[in-house]
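Below, chains carry the letters A, B, ... as their sequence lines are ordered, and counting in each starts from 1. Please read all numbers here as calculations on a predicted model, not as lab measurements.
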2 protein chains.
Amino acid sequence: MADAEPERNDAPKIDMSYLEGTIGYAIRRAQLAVFADIYRSFGKDGLTVVKFSVLAVIADNPGINQAMLAEALDVERPRMVPLLNDLEKSGFVSREANLHDRRNKSLKLTDAGRLMLDEHKRRFSDHEARLSAWLAESRPEDVLSLLWKVARLRA
Amino acid sequence: MADAEPERNDAPKIDMSYLEGTIGYAIRRAQLAVFADIYRSFGKDGLTVVKFSVLAVIADNPGINQAMLAEALDVERPRMVPLLNDLEKSGFVSREANLHDRRNKSLKLTDAGRLMLDEHKRRFSDHEARLSAWLAESRPEDVLSLLWKVARLRA
DNA sequence: TATTGTTATACTCTATAACTATA
DNA sequence: TATAGTTATAGAGTATAACAATA
């Protein structure tokens, strides 16, 4: 009943008390629960979280180049290449040559990309509403209990 | 200055306001910051976080089998095999045949495994002390700000 | 039939190094 | 020389399917 006890009643009796008392383990489980819930909202036909993030940043920063985008999202530059290849192939992002500095490519959303992003923002807000409601129910004060509360979102 | 603004002053001016307003993005960044800090404490010669978790669970549940361990840590059963192979090769874990049910293997820490675990628990507590001190400095009340505060741990 | 440990496969992610074309 | 995009590579992590031994 206490928020600090993240037990599942169907699980066998394994002593996890040490790990469950650490913020590191709690935040990892909480993050996985949140992402699982996001994917629940995105659905089978949905974008990955990373691609959604890429579209969201390009939308608010039209003309941004790949290096800046990678830095903003804290992923390595080489990671952006297959990601943007896919998004370009899907018709959501355009890569235009930058005339002022031909090393750069200027990233923009296509109309289809804008529609896809908006649709996923709607789906994302379903997730956020679910999470907010879950936390509003009874929000633990200490950090560890709060993270375990998040981790139990639709556990 | 406000806790809700996770800006880095060295970064270029990119509008990240949408993602930074979501718990999903904040908890991901917070989790990465926490793990980075754990690895800072574990050091170059240290275990991975997963291997540390495996040792910690076996220590408190001697004789546990691989399937139960996998379920407890929420990793797939096949993942445990190379993990335990490594830990066995390193001399930290023993896999004994279970006489009552010969499908099972009974996992135990070796003396070296116990020493390795204890050493890493000490290093882990350094991390936790650093994190606690960081949060005690000024702990934001709302979840989003709290996560961004965590995410800025040694950012 | 069901379960444990295992193998195999495939895809994603992370982290580097190095190449090319530009500047 | 430095930077942007790219290629290549290697190591983790994730997710499934399937197999042998055992129950």
Side-chain angles (χ1 to χ4, degrees), chain A residues 10-12 14 25 28-29 31-33 35-36 38-39 42 44 46-54 58 61 63-89 93-108, chain B residues 10-12 14 28-29 31-33 35-36 38-39 42 44 46-54 58 61 63-90 93-108:
Chain A
D10 59 321
I14 299 175
Y25 188 63
R28 177 68 179 149
R29 297 299 286 253
Q31 188 251 295
L32 290 173
F35 270 48
I38 293 171
Y39 280 116
F42 278 3
K44 260 294 182 187
L47 293 168
T48 65
V49 169
V50 178
K51 286 181 181 174
F52 171 70
S53 304
V54 168
I58 296 176
N61 302 273
I64 191 174
N65 68 27
Q66 299 184 190
M68 281 170 67
L69 184 55
E71 189 193 353
L73 291 172
D74 202 25
V75 306
E76 297 301 315
R77 260 91 67 200
R79 266 287 287 142
M80 296 307 314
V81 178
L83 232 35
L84 288 168
N85 285 349
D86 283 359
L87 288 170
E88 200 179 22
K89 239 176 288 181
V93 167
S94 68
R95 284 196 266 208
E96 298 168 25
N98 183 323
L99 300 180
H100 296 67
D101 184 339
R102 297 196 337 267
R103 290 173 304 184
N104 287 270
K105 292 189 178 172
S106 181
L107 302 172
K108 295 210 177 81
Chain B
D10 60 321
I14 300 174
R28 177 66 179 151
R29 296 299 286 254
Q31 188 251 296
L32 290 173
F35 270 47
I38 293 171
Y39 279 116
F42 278 3
K44 260 293 182 188
L47 293 167
T48 65
V49 169
V50 178
K51 286 181 181 174
F52 171 71
S53 304
V54 168
I58 296 176
N61 303 272
I64 192 175
N65 69 27
Q66 299 184 191
M68 281 169 67
L69 183 56
E71 189 193 354
L73 291 172
D74 202 25
V75 305
E76 296 303 315
R77 260 91 66 199
R79 266 286 287 142
M80 296 307 315
V81 177
L83 233 33
L84 287 168
N85 285 348
D86 283 359
L87 289 170
E88 201 180 22
K89 240 176 286 182
S90 302
V93 167
S94 69
R95 282 196 267 208
E96 298 169 24
N98 182 323
L99 300 179
H100 297 68
D101 184 337
R102 293 189 346 261
R103 290 173 304 183
N104 288 270
K105 292 189 178 172
S106 182
L107 302 172
K108 296 211 179 79

Nearest-angstrom distance from the residue atom [atom1] of [X] to [atom2] of [N]:
X	N	atom1	atom2	value
B:Q66	C:dT7	CD	P	10 Å
A:L107	D:dA4	CG	P	13 Å
A:N104	D:dA2	CG	P	18 Å
B:E96	C:dG5	CD	C1'	16 Å
B:L32	C:dC13	CG	P	13 Å
A:R77	D:dA2	CZ	P	15 Å
A:L69	D:dG5	CG	P	9 Å
A:E88	D:dG5	CD	P	12 Å

Problem - Under 3.5 Å side-chain donor-acceptor pair for A:N98 and A:N104 - result: no

Shortest non-hydrogen contact from [X] to [Y]?
X	Y	answer
B:V93	B:I58	CG2-CD1, 3.9 Å
A:S106	A:G63	OG-CA, 3.2 Å
B:L47	B:F52	CD1-CA, 4.1 Å
B:A72	A:R29	O-NH1, 3.5 Å
A:R28	B:R28	NH1-NH1, 3.9 Å

Fill in the blank from the handout: Distance col, row A:D74:CG vs A:S53:OG, nearest 0.5 angstrom, shows 12.0 Å

Exercise for the section: Look at the side chain of B:Y39 and the backbone N and O of B:G46, then say whether any donor-acceptor pair between them is shorter than 3.5 Å. Expected result: no

Protein-nucleotides 20-23 of chain C N/O pairs closer than 3.5 Å?
unit_1	atom_1	unit_2	atom_2	d
C:dA23	OP1	A:R102	N	2.9
C:dA23	OP2	A:R102	NH1	3.3

Handout entry: Minimum-distance nucleotide (side-chain atoms of A:E76 versus D:dG5, C:dT4, C:dT16)
Key = C:dT16

Fill in the blank from the handout: Picking from D:dT6, D:dA15, C:dG5, the nucleotide nearest the side-chain atoms of B:A67 would be C:dG5

When you compare the protein's N or O atoms with those of nucleotides 7-13 of chain D, which come within less than 3.5 Å of each other, and at what distance?
unit_1	atom_1	unit_2	atom_2	d
D:dG13	OP2	B:R79	NH2	2.7

Practice task
Report, as yes or no, whether the 6.0 Å neighbourhood of atom CZ on B:R77 holds more than 12 heavy atoms from other residues, nucleotides or ligands.
Solution key: no

Handout entry: Any B:R95 side-chain nitrogen or oxygen under 4.0 Å from OP1 or OP2 of C:dT6
Key = yes

